[in-house]
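Each residue takes its place number in the sequence, starting with 1.
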Amino acid sequence: CSGFTHALDHAWLRVEKYGGYVLVIGVDALTRITDYTELNGNLFGDGCGLVILGHGEDRGIIATEFASDAAGADYIFQDKEGYLRMPKGPLVFSRASKGMIDIANALLEKAAITPDALNKIIPHQANGNIIDRVEEKIDPQHTGKIYRNLDRYGNMSAATIPTALAEAIERGEIRKNDLVMLLDFGSGLTMGGAIIKI
């Protein structure tokens with residue numbers, strides 16, 4: 001799930017070194033490994049989203065940040081039959097929420113800005129409670145900076161961030177020169193994030 005921001009970071013380093021353009025794709029097909037008899041089964045979906053990175057004026061990636069928590073290695077995994085399992089849901093909620101909030105604070109510090117400077121925040125669309133917790137800490141006034149599409153597509157793993165970004169642009173909620181924070185987490189547990197200027 002956090003693969004997209006990691007790939008975005010690697011692609012940006014390549015653009016800065018060699019120029020040109022790099023296509024970054026986030027794609028997952030979780031429904032083929034979902035056990036719908038399990039409580040968490042209805043959270044997952046399939047999707048694909050992409051971005052094209054290249055130098056343009058003063059736009060691009062402003063800051064990135066990554067972290068991992070090896071203690072969560074068995075929180076989300078595939079069992080022997082190949083099904084996705086998340087037996088420690090409450091721990092995933094607490095670690096993921098804290099991890100994304102810590103990433104957000106580190107990004108703000110690196111970029112030397114406050115949350116007020118952000119035009120939009122796109123958190124990983126894992127579940128509504130995690131998104132709510134992130135919003136409480138980063139946008140406590142609930143100014144509408146948090147973008148949500150979980151209710152329409154479910155958790156599409158690595159596809160959630162690029163899909164939400166594309167949808168927000170199409171809807172006019174993100175425009176040229178906007179500052180956008182991306183936050184994700186996934187099995188491992190791994191966390192990642194970026195502040196980008198569109």
Side-chain angles (χ1 to χ4, degrees), residues 1-12 15 21-34 36 40-54 56 59-66 76 84 86 92-93 96-97 99-101 103-104 107 118-135 138-139 144-198:
C1 298
S2 64
F4 182 76
T5 56
H6 284 76
L8 199 66
D9 184 60
H10 285 289
W12 185 247
V15 167
Y21 297 90
V22 177
L23 183 69
V24 183
I25 302 171
V27 60
D28 260 302
L30 295 180
T31 58
R32 65 184 175 172
I33 59 170
T34 298
Y36 287 101
N40 297 314
N42 63 349
L43 288 173
F44 301 108
D46 303 332
C48 177
L50 58 93
V51 299
I52 300 172
L53 286 179
R59 296 160 22 194
I61 296 178
I62 308 301
T64 58
E65 181 74 14
F66 304 98
I76 308 167
L84 185 65
M86 192 169 56
V92 171
F93 168 76
S97 301
M100 287 206 299
I101 291 163
I103 291 284
L107 286 169
L118 298 170
N119 299 96
K120 194 62 73 176
I121 302 164
I122 300 180
H124 176 53
Q125 307 288 307
N127 76 43
N129 293 330
I130 292 174
I131 297 172
D132 289 346
R133 179 65 61 87
V134 170
E135 184 175 37
I138 304 172
D139 185 24
K145 291 187 180 190
I146 297 284
Y147 190 81
R148 300 168 189 254
N149 65 6
L150 174 68
D151 58 322
R152 293 187 294 283
Y153 308 117
N155 177 355
M156 297 180 290
S157 190
T160 62
I161 296 289
T163 301
L165 182 61
E167 187 178 63
I169 291 170
E170 287 173 1
R171 292 178 169 212
E173 294 190 38
I174 294 176
R175 299 174 180 85
K176 184 178 177 180
N177 293 319
D178 278 358
L179 279 180
V180 180
M181 178 184 283
L182 312 175
L183 299 168
D184 54 18
F185 78 92
S187 57
L189 293 169
T190 57
M191 284 74 70
I195 293 177
I196 61 175
K197 188 172 184 182
I198 300 295

* To do: Starting at CD1 of Ile101, measure out to CD1 of Ile138 and round the result to the nearest 0.5 Å.
  =>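 Answer for the CD1-CD1 pair, Ile101 versus Ile138, is 6.0 Å.
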* **Spatial distance of atom NZ (Lys120) from atom CG (Leu118) [nearest 0.5 Å]** =>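 The NZ atom of Lys120 sits 11.0 Å away from the CG atom of Leu118.
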For [X] against [Y], the heavy-atom pair lying closest together:
{"X": "Met156", "Y": "Gly47", "result": "SD-CA, 3.6 Å"}
{"X": "Met100", "Y": "Val134", "result": "CE-CG2, 3.6 Å"}
{"X": "Ser2", "Y": "Gly186", "result": "CB-N, 4.1 Å"}
{"X": "Ile25", "Y": "Cys48", "result": "CG2-SG, 3.8 Å"}
{"X": "Ile198", "Y": "Val180", "result": "CG1-CG2, 3.9 Å"}
{"X": "Asn127", "Y": "Ile130", "result": "OD1-N, 2.8 Å"}

* Give the intermediate values and the outcome of side-chain contact (heavy atoms from CB on, under 4.5 Å) for residues Met181 and Ile122. => CA-CA 6 Å; Met181 178 184 283; Ile122 300 180; over 6 Å; no
* After noting the C-alpha distance and the side-chain angles of Val51 and Ile196, does the key distance pass the side-chain contact (heavy atoms from CB on, under 4.5 Å) rule? -> CA-CA 12 Å; Val51 299; Ile196 61 175; over 6 Å; no
Check whether any side-chain heavy atom of [X] sits under 4.5 Å from a side-chain heavy atom of [Y], and report yes or no.
{"X": "Thr190", "Y": "Phe66", "answer": "no"}
{"X": "Ile61", "Y": "Val15", "answer": "no"}
{"X": "Ile195", "Y": "Leu179", "answer": "yes"}
{"X": "Met191", "Y": "Asp184", "answer": "no"}

Quick one: side chains of residues 157-169, donor-acceptor pairs under 3.5 Å with protein atoms, not counting sequence neighbours, listed by atom name and distance.
from   : atom 1 : to     : atom 2 : distance (Å)
Ser157 : OG     : Cys1   : N      : 3.4
Ser157 : OG     : Asp28  : OD2    : 2.8
Thr160 : OG1    : His124 : ND1    : 2.8
Thr160 : OG1    : Ser157 : O      : 3.1
Thr163 : OG1    : Ala159 : O      : 2.7
Glu167 : OE1    : Tyr147 : OH     : 2.6
Glu167 : OE1    : Asn149 : ND2    : 3.4
Glu167 : OE1    : Arg152 : NH2    : 2.7
Glu167 : OE2    : Tyr153 : OH     : 2.8

* Check salt bridge (charged side-chain N to carboxylate O under 4.0 Å, His left out) between Asp46 and all other residues, then give those that pass, not counting sequence neighbours. => none
Other residues, nucleotides, ligands: >12 heavy atoms within 6.0 Å of [X] [atom1]:
{"X": "Arg148", "atom1": "CZ", "value": "yes"}
{"X": "Ile52", "atom1": "CD1", "value": "no"}
{"X": "Arg59", "atom1": "CZ", "value": "yes"}

